[in-house]
Amino acid sequence: MKAKRVWGLVLAAAMCMAVAGCGQKEAETASTEPQYQVIGTEAEGAYDILLKNSIGQDVTGISVKISEEEEYPANMLASDAVLKNGETAEWFYMPEEAAETEGVGEKDVALNVVYQVQITLADGTVYELSALGLDDIDKNAELCLEDDVVFTKYTSKASGDAVSTKEQEVAAKAQKDAESQEAVTSEPAPVEEVQQEAPAQQSAPAASEPQQAPAEQIPQQTTEGCLTEGGGPAFN
């Protein structure tokens, strides 16, 4: 009996040690896994992408919209949060529900959705990813900045090939610049305000002096008497 009890105690101790060892190993494994900053909210159906910032400066704003929308929604980063240069964040993005389209399956609708991403940097500069295929990103994506455009590098989930969107973003920027230039040149030139000089006020003609009426022939009076009809003196 004593031998059985001893062996039982030994087995129990061995099992405890094994469980403790497994727990310690799991704790060590968990501690060695990288801890990423989380952008967005983890939820079922959300895209889950490890996004690395290789732009060269900190990112202070990330906003996503579909191409049909005019305005970008609120910043996905908290007000005091930044994605520092060289760091990686776990980015969760929940796509908006696509409008129901008759005769088009869910897969087709999802593939037709084009996402645009607005990236704001620490110096206030704002860039735009014109068309990002979130469906095709395998897991990791890298933000880069070259030739005054922000673009992404990732591995295609469909083909397994390395993808860079730089050429696409350069072409999109060139088109946008051309449209802006065309809009400027097509605007009518501002009409110069011509100051019309008021016509010189003509002075009113001076009132003509009244012409003196011709003096009536007044008969000359003499001390000797009145004039006769002929104008000569009348003699008595």
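Keep in mind that what you see is a predicted model, and the values were worked out from it rather than measured.
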Which distance, rounded to the nearest 0.5 Å, do you find between the [atom1] of [X] and the [atom2] of [Y]?
X	Y	atom1	atom2	answer
Lys52	Glu87	NZ	CD	11.0 Å
Gln118	Lys65	CD	NZ	9.0 Å
Met94	Glu42	CE	CD	10.0 Å
Glu169	Asp148	CD	CG	12.0 Å
Leu132	Tyr115	CG	OH	10.0 Å

Any [X] side-chain heavy atom under 4.5 Å of [Y] side chain:
X	Y	result
Asp58	Leu83	no
Phe92	Thr41	no
Ile55	Ile119	yes
Met76	Val64	yes
Cys144	Lys166	no
Thr152	Leu143	yes
Trp91	Leu134	yes
Thr155	Asn140	no

Asp136-Ser156 side chain donor-acceptor pair, cut-off 3.5 Å =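 Yes - a donor-acceptor pair under 3.5 Å links their side chains.
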
message = If you count heavy atoms of other groups shown closer than 6.0 angstrom to NZ of Lys157, is the number above 12?
response = yes

ask   = Minimum heavy-atom separation for Ser130 to Ala172, with atom names?
value = OG-CB, 3.7 Å

query = What pair of heavy atoms forms the shortest contact from Gln116 to Glu128, and how long is it?
reply =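 Between these two residues, the closest heavy atoms are OE1-OE2, 4.0 Å.
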
query = Parallel, tilted or perpendicular: which fits the ring planes of Tyr93 and Tyr47, with parallel below 30° and perpendicular above 60°?
reply = parallel

request  = Give the C-alpha distance, both sets of side-chain angles, the deciding distance and a yes or no for side-chain contact (heavy atoms from CB on, under 4.5 Å) between Ile62 and Leu51.
outcome  = CA-CA 11 Å; Ile62 297 177; Leu51 186 65; 4.0 Å; yes

